[in-house]
Amino acid sequence: MDFQLDDDQRALRDGMRDLLERRFPRTRLRTVVDGHGDTAPLDRALWRELGTAGFFALRLPEAAGGVGLGLPEAVLAMEEAGRTLLPGPLVATQLAAGLGAGNTVEGSAEVAAANAVEGAAEGAAVVTALDLGPGADRLVEHLASADAVLVLSGEDAEVLPAAALADPARPIRSVDPATPLHRVHPAFEAVAGTGAVGAAARLRREAALLTAAQQLGSASRTVRMAVDHATARTQFGRPIGAFQAVQHLCARMLVRAESARSVVYAAAVTEEARDIAAAKLLADEAAVHNARDCLQVHGGMGFTWEADVHLHLKRAWVRAGQWQTAAAAEEELAAGLLLTGETGL
Amino acid sequence: MDLAFTQDEEDFRHGLRAWLADVLPTLPDRPDPADWPARRAYDCGWQRMLYDAGYAGLHWPKDAGGRGATPTQHLIFLEETERAGAPYVGANFVGLLHAGPTIAAEGTPAQRARWLPPILRGDQVWCQGFSEPDAGSDLASLRTRAERDGDSYVVSGSKIWTSHAEVADWCELLVRTTPMGPGTPKHRGITWLALPMDAPGVTVRPLRTLAGTAEFAEVFLDEVRVPVDHRIGAENDGWRVTMVTLSFERGTAFVGEVIACRRVLEALARTAKANGRWDDPVLRRRLGRIAAACAALWRLTQWNVSEAQRTGGVPGVGGSVFKLRFSEVRQELYEAAAEVLGPDALDAGHEWVADRLSSLSYTIAAGTSQIQRNIVAERILGLPKGR
Ligand SMILES: Cc1cc2nc3c(=O)[nH]c(=O)nc-3n(C[C@H](O)[C@H](O)[C@H](O)COP(=O)(O)OP(=O)(O)OC[C@H]3O[C@@H](n4cnc5c(N)ncnc54)[C@H](O)[C@@H]3O)c2cc1C
């Protein structure tokens with residue numbers, strides 16, 4: 001066993017961090033947030049640059065023009081995206097890029113889609129997602145910026161042109177100013193076409209895990225923000241980080257983030273449904289609660305629009321509602337306790 | 001222990017109920033929450049109606065223009081107005097709950113006559129200029145300077161997080177009149193001034209909250225002249241004067257909101273029943289627990305009010321206990337609301353989502369929960385003072 005990042009994985013993570021520091025610095029995030037209300041369009045140039053860097057084709061075989069890496073690497077890249085609150089349907093576009101023929105795992109029961117989603121792998125197309133499964137929230141992010149929608153219904157996955165949702169989808173006033181949301185009418189159903197048969201369950205699992213990775217990135221970022229503020233801010237003649245009440249807030253944040261990290265990374269290796277459930281559950285919790293505690297550590301400043309804390313909280317709320325929710329993850333994990341077999345850790 | 005009301009108290013309640021039933025239908029539509037001038041006009045209009053009906057400053061002493069009602073009557077007033085869906089104090093919060101009571105307790109007869117009637121009539125709105133960029137939890141380290149020049153103070157410095165400063169006529173301002181130094185502990189050199197917000201040298205810059213609205217502001221003070229007769233209490237005695245105010249704030253200031261919590265909780269249960277989430281036992285039990293928490297806040301309030309009635313004094317230690325618990329319960333309530341709302345919890349247009357965002361400030365404003373716990377530990381439990 002060697003449950004640590006290897007050199008290539010560290011290089012990939014650092015490379016992604018560098019790219020985002022250059023191309024999506026804080027000032028860019030603030031332009032998105034302060035400039036457009038909740039209808040911020042996606043930055044297509046940045047999307048394409050992510051494509052060029054291999055972000056969307058990360059898991060495609062090299063033979064198909066991809067990078068030939070696996071879920072652990074995808075998780076590391078998504079974590080970096082989550083850290084900077086990079087907006088957009090990153091997960092859906094990456095999954096859509098892998099839908100074409102030639103990408104199905106050997107021996108799986110899936111029948112690949114007739115065609116790959118044009119341009120998804122290169123970052124030329126923006127693909128968002130809609131889950132029509134039971135209990136799913138029927139919200140679609142960034143619909144107005146999207147070219148296509150990955151629709152999961154029943155056991156299959158379809159890719160529809162974004163225009164197909166023009167009628168059944170209505171915008172809501174998204175709580176996250178960098179993630180515009182549409183709600184899709186409950187009566188809407190996808191028509192079976194040339195999509196990937198039997199792929200929905202796998203896509204949902206991967207989407208949950210990759211979303212968890214973004215939550216993990218946000219959760220670690222807010223630990224840093226809280227610690228930095230607690231070190232810099234002085235009250236009563238000392239840094240507020242010298243007060244145990246503040247220290248304990250920060251320490252609990254770190255515990256949440258590192259617990260989430262360990263299950264997220266492990267789930268990326270095992271790809272087991274229950275590992276993924278634990279990963280999504282703990283990463284959602286870490287992202288939401290860490291943002292809350294970070295806000296508390298910032299005092300009045302944390303309640304302002306100008307500070308970035310609220311952006312982490314709001315994005316964490318959005319991501320927590322996507323794919324596997326806490327309730328579904330808890331049920332899945334509880335059900336696992338009753339399965340016979342060896343102790344299932 | 002007796003939870004029944006006296007005949008007088010019941011009579012008072014019935015009179016109030018009848019009046020509310022008459023006047024509430026005549027109120028104009030509620031203003032847009034982002035439109036502060038409209039909010040001010042609305043809140044002041046309501047205050048004027050209370051004044052005309054004899055309900056303004058109910059619990060203030062008679063010599064301060066109040067009706068000298070008992071704490072229990074005041075509680076009944078807050079309970080009934082909230083139950084009837086009457087407007088909240090809103091822009092008059094500081095005037096009625098901090099600045100007014102401070103002037104009533106510490107002002108001269110001339111000062112009371114000058115400032116209290118316009119507060120009670122809803123003619124003048126006050127804001128609270130305590131916090132500074134470098135003096136939040138450590139309020140006593142505030143640095144806004146006031147230099148004596150003849151019969152005026154010349155005030156320079158800046159305040160921050162000043163709620164509804166844009167629409168205020170007056171500001172209860174804490175300034176430093178004696179510099180901190182070896183012989184002067186920080187809380188000794190502070191003075192309480194009534195600052196007219198339209199005085200030359202006052203600049204208000206609204207700040208945006210995380211909900212996207214402008215609830216509070218920065219207030220810059222550049223050599224603002226404030227007459228010495230605008231000082232409440234003695235020079236350098238402002239810290240003590242202020243503590244009277246703050247204990248008022250933590251006493252009955254949030255009674256209406258406890259009832260509002262209960263009302264929202266009931267609405268959550270009805271919404272959950274309608275949208276199917278009620279079938280989830282985890283959610284049902286969560287709402288049940290919050291019901292118990294609301295009950296505790298309400299009983300705690302009654303206990304504190306009865307205590308104040310017996311001792312005749314300002315609310316005691318119960319204030320910090322209440323403030324701590326109320327802030328948390330309010331946040332728990334809106335977390336549960338998000339669960340009930342499901343996907344609608346991401347719709348900022350929903351009333352409960354806006355309230356969820358604003359509930360995030362409860363553990364920070366008016367003394368953070370960490371500071372409140374320090375107070376409970378040190379002043380109530382008598383534990384040794386931390387570093
Ligand atoms: C919505 C809102 C409205 C407000 N309205 C007004 C107003 O009208 N007028 C006004 O004057 N002020 C107002 N305030 C300011 C409010 O009183 C301060 O924000 C509060 O006192 C905290 O100060 P701070 O923001 O400087 O945070 P800080 O004091 O910097 O605190 C940062 C963190 O450190 C912690 N901390 C600090 N000291 C200690 C300690 N000794 N032990 C343990 N933990 C500690 C705090 O709990 C917090 O988590 C308002 C604030 C808000 C959010």
### Lys/Arg N to Asp/Glu carboxylate O, B:E351 vs B:R30, below 4.0 Å
no
### Task
Measure distances from A:L311 to the heavy atoms of chain B and classify the residue's part below 4.5 Å as side chain, backbone, both or neither.
neither
### Query
At a heavy-atom separation under 4.5 Å, does A:L295 approach chain B through its side chain, its backbone, both, or neither?
both
### Message
Heavy-atom pairs under 4.5 Å with chain A - which of B:T368, B:T213, B:D280, B:L360 has more of them than the others?
### Response
B:L360
### Max heavy-atom pair count under 4.5 Å with chain A, selected residue of B:Q370, B:K186, B:E215, B:R373
B:Q370
#### Entry: Donor-acceptor contact present, side-chain A:T234 to main-chain A:G237, <3.5 Å
no
### Message
Need one label for A:I240: side chain, backbone, both or neither, based on atoms under 4.5 Å from any heavy atom in chain B.
### Response
neither
### Message
For B:I371, which atoms come within 4.5 Å of any heavy atom of chain A: side chain, backbone, both, or neither?
### Response
side chain
### Query
Side chain of B:D344, backbone of B:H350: donor and acceptor closer than 3.5 Å?
no
### Task
Classify the angle between the aromatic ring planes of B:W161 and B:F216 as parallel (below 30°), tilted (30 to 60°) or perpendicular (above 60°).
tilted
### Pair B:D347 + A:R173: basic N to acidic O under 4.0 Å
no
### Which portion of A:R138 sits near chain B, non-hydrogen atoms under 4.5 angstrom
neither
### Query
How are the rings of A:W305 and A:H310 set to each other: parallel, tilted or perpendicular (split at 30° and 60°)?
tilted
### Interface residue of largest heavy-atom contact number with chain B, from A:E306, A:E330, A:H298, A:R233, under 4.5 Å
A:R233
